[in-house]
Trainee: 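If you scroll down you'll find the structure; I have some questions about it.
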There are 2 protein chains.
Amino acid sequence: MLQQYDFQEPHLVAIDNVVFGYEQGQLKLLLFQRTIEPSKGDWSLVGGWVNPDESVEDAAYRVLTSLTGLSDLFMEQVEVFSKPDRDPGGRVISVVFYALINIQEHNHQLVDHYGAKWWPVNDLPPLIFDHGKMAEVALEKLRMKASRDLVGRDLLPAEFTLTQLRNLYNCIFMKEFDPGNFRKKILSLNALRRLDKKDTSESKKGAYYYTFKNIETDQFTERIINF
Amino acid sequence: MLQQYDFQEPHLVAIDNVVFGYEQGQLKLLLFQRTIEPSKGDWSLVGGWVNPDESVEDAAYRVLTSLTGLSDLFMEQVEVFSKPDRDPGGRVISVVFYALINIQEHNHQLVDHYGAKWWPVNDLPPLIFDHGKMAEVALEKLRMKASRDLVGRDLLPAEFTLTQLRNLYNCIFMKEFDPGNFRKKILSLNALRRLDKKDTSESKKGAYYYTFKNIETDQFTERIINF
DNA sequence: TCAAAAGTGTTTTTTATACACCCATGC
DNA sequence: GCATGGGTGTATAAAAAACACTTTTGA
């Protein structure tokens, strides 16, 4: 079926990144404000073009590392958005990715320089084109991921408390997990190491800090969260 | 970020369909044999180009309906494959879909005319390019789907037995489900209607035929199969 | 009559959920 | 001393898994 390469109409192909971060107990998205019409003032995801010599993964990674100054980002493909009229500026096929990044560790100057801003996922501004839908589908995908693997390594500081991790999961699934049951479930996965330090900023008693074990134990075959 | 549309290098964009069918108790894939070098004799998925005025979904649907003579196909996006060197014939970005079709109902003459053939998923011939990986990922996606919704409406005949449905699930998950437990689980979903007819071809006693209820009860919020 | 699939029921195990209760400590 | 989040334990409910057993009938 795939013949006559030369006579085919080529397409503009872009990537859009749904960039998740976690800050002040909130799950957030990194957005850019549009400075030109149409949709001036509306916000957009972190996008870019796909070059001829790179895969869409490469493109998504390139765009995001150059923006945040981070390497070793966790990214995953979400879906292709390709309605012919989705972008008023022309026919552009966009491959959407989501990324999990540590807000504390990324390059704030760089992000500020581009006029980007972090927005709480449950209080997003109007987004251009189909970017709202993209963010929605990406969050669904993140839920899938978090229900099978323990996410947090890329979102939380290296040392975190179980309450912080639970709050992250609360945000992702938009529900309150029972503190005792969550603790039992997570610790039973044997993927965290308890440190001999305590965080006393959130409670009088203080909560133990944990880290992810170095081994790739965040890949589980069984489900960890039902939803 | 998405500026200067005019100066961007466009890409050839194709779709590839991983077409699942179910026949003689086996989960099968519809494949084409390549008649030209390179990789002559190897088999490929059902692919096609994306036209300027259509979405990738439209393209995938168009290619598959024109091949099988069927409409109302169930299709779902799998993933984009875009390594620059994935296709020796040139730089082609391919969006993969999987489809579930009823082998009995499709147009055999049409499929035969194109030299297509159904292959058991666990005994596939060598596939061209990255099509083997595509099939693999598509099966994973189908498992995801089948673990949340009751698949079978598009794969089985309109009237089927619970043993047939169980065997389909056995094929998809490549494990043996317990007959009693599977029956209980499926019937508890309340998505099937038992007919007053029996299929006596597979057993002496005969098994009741079932149909899917007309209402869209094959969308469940909870999980039906754990894996 | 007996092998084999269909169908039902029961037991056991596992997992999830709800929630009681003690701990530590800054205020 | 008490309110607050941290942490542990327990009782209950629900779900999954294992499996016993009965039915039916063609060969």
Side-chain angles (χ1 to χ4, degrees), chain A residues 24-25 143 146-148 150 152 156-157 159-171 173-211 220-227, chain B residues 24-25 143 146-148 150 152 156 159-211 220-227:
Chain A
Q24 292 159 338
R143 286 202 185 109
S147 71
R148 302 196 144 265
L150 197 53
L156 297 169
E159 301 179 349
F160 54 90
T161 67
L162 285 180
T163 304
Q164 283 178 281
L165 181 61
R166 173 165 53 84
N167 188 262
L168 170 61
Y169 266 77
N170 288 345
C171 292
F173 291 97
M174 290 177 186
K175 66 177 250 190
E176 291 283 319
F177 288 94
D178 178 276
N181 296 336
F182 184 84
R183 160 182 301 275
K184 255 176 297 181
K185 180 75 195 183
I186 298 302
L187 291 181
S188 77
L189 299 173
N190 204 31
L192 302 182
R193 171 172 297 111
R194 199 179 80 176
L195 305 181
D196 271 332
K197 301 199 302 186
K198 281 195 168 192
D199 167 39
T200 50
S201 67
E202 311 249 346
S203 78
K204 339 280 164 99
K205 184 181 177 183
Y208 281 109
Y209 279 115
Y210 286 79
T211 56
F220 303 102
T221 49
E222 357 91 62
R223 187 169 315 285
I224 59 173
I225 301 289
N226 291 307
F227 72 103
Chain B
Q24 293 160 337
R143 287 201 184 110
S147 72
R148 301 193 144 268
L150 198 52
L156 296 170
E159 302 180 349
F160 54 89
T161 66
L162 285 179
T163 304
Q164 284 178 281
L165 182 62
R166 174 166 52 84
N167 188 260
L168 171 61
Y169 266 78
N170 287 346
C171 292
I172 293 174
F173 290 98
M174 291 177 186
K175 66 176 248 191
E176 291 283 318
F177 288 94
D178 178 276
N181 295 336
F182 184 83
R183 161 182 301 273
K184 255 177 296 180
K185 180 75 196 186
I186 298 302
L187 291 180
S188 77
L189 299 172
N190 203 31
L192 301 182
R193 172 173 297 112
R194 198 179 81 175
L195 305 180
D196 271 334
K197 300 198 302 184
K198 281 195 168 191
D199 167 39
T200 51
S201 67
E202 310 249 345
S203 76
K204 336 280 163 98
K205 185 181 176 184
Y208 280 108
Y209 279 115
Y210 286 80
T211 57
F220 303 102
T221 49
E222 356 92 60
R223 187 169 317 282
I224 59 173
I225 301 290
N226 291 306
F227 73 102

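Here is how names work: the chains are called A, B, and so on, in the same order as the sequence lines, proteins then strands, and each is numbered from 1. The basis for the numbers below is simple: all heavy atoms, side chains too, and nothing from hydrogens, waters or symmetry mates.
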Trainee: In whole angstrom, give the distance that lies between atom CZ of Arg183(B) and atom C1' of dA5(C).
Mentor: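 It is 10 Å, rounded to the nearest whole Å.
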Trainee: Working to the nearest 0.5 Å, report the span between CG of Asp199(B) and OH of Tyr208(B).
Mentor: 13.0 Å
Trainee: Would you mind reading off the distance between Phe177(B) atom CZ and dA17(D) atom P, rounded to a whole angstrom?
Mentor: 9 Å
Trainee: Is there, by distance only and without an angle test, a donor paired with an acceptor across the side chain of Lys184(A) and the base of dT14(C) below 3.5 Å?
Mentor: no
Trainee: Take atom OH of Tyr209(A) and atom C1' of dG5(D), then tell me their distance rounded to the nearest Å.
Mentor: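 Distance, rounded to whole Å: 15 Å.
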Trainee: Any side-chain N or O of Lys185(A) below 4.0 angstrom from OP1/OP2 of dA16(C)?
Mentor: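 For dA16(C), OP1 or OP2 has a side-chain N or O of Lys185(A) closer than 4.0 Å.
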Trainee: Quick one: sort the Phe173(A) and Tyr169(A) rings into parallel, tilted or perpendicular, breaks at 30° and 60°.
Mentor: parallel
Trainee: Under 3.5 Å, is there any donor-acceptor pair linking the side chain of Lys204(A) to the base of dG26(C)?
Mentor: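 It does not, because no donor-acceptor pair links the side chain of Lys204(A) to the base of dG26(C) below 3.5 Å.
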Trainee: In this structure, how many angstroms lie between the C1' atom of dT8(C) and the CG atom of Leu162(B), rounded?
Mentor: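 Result: 13 Å.
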Trainee: Measure from NZ on Lys175(B) to P on dA16(D) and round the result to the nearest Å.
Mentor: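 Distance check: Lys175(B) NZ to dA16(D) P gives 11 Å.
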Trainee: Could you tell me whether the side chain of Asn181(A) has a donor or acceptor atom within less than 3.5 Å of a complementary atom in the base of dA18(C)?
Mentor: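 By the distance-only test, yes, there is a pair.
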Trainee: Which pair of non-hydrogen atoms, one from Arg143(B) and one from Ile172(B), has the smallest distance, and what is that distance?
Mentor: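 Shortest heavy-atom contact: NE-O, 2.7 Å.
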Trainee: From CG of Leu165(B) over to C1' of dA6(C), roughly how many Å is that when rounded to an integer?
Mentor: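 Answer to the nearest Å: 15 Å.
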Trainee: On DNA chain C, compare the nucleotides closest to Leu187(B) and Glu202(B); which residue's is nearer the 5' end?
Mentor: Glu202(B)
Trainee: Report the distance from atom CG of Asp178(A) to atom P of dT8(D), rounded to the nearest whole Å.
Mentor: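 For the pair Asp178(A) CG and dT8(D) P, the rounded distance is 14 Å.
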Trainee: With nearest nucleotides of DNA chain D determined for Gly180(B) and Arg166(A) from heavy-atom distances, which residue corresponds to the more 5′ nucleotide?
Mentor: Arg166(A)
Trainee: Tell me which one of Leu165(B), Asp178(B), Leu162(B) satisfies side-chain contact (heavy atoms from CB on, under 4.5 Å) with Arg183(B).
Mentor: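 Going through Leu165(B), Asp178(B), Leu162(B) one by one, the side-chain contact (heavy atoms from CB on, under 4.5 Å) with Arg183(B) is satisfied by Leu162(B) alone.
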Trainee: State whether the distance check finds a donor on one side and an acceptor on the other, under 3.5 Å, for side chain Lys205(B) versus base dA6(C).
Mentor: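 Answer is yes: a donor-acceptor pair is held.
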Trainee: How long is the span from the CZ atom in Phe177(A) to the CG atom in Asn170(A), to the nearest 0.5 Å?
Mentor: 6.5 Å
Trainee: Can you tell me if the side-chain N/O atoms of Thr163(A) get under 4.0 Å from OP1 or OP2 in dG5(D)?
Mentor: no
Trainee: Find the distance Ile186(B):CD1 to dG7(C):C1' and express it as a whole number of Å.
Mentor: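 Rounded to the whole Å, the gap is 15 Å.
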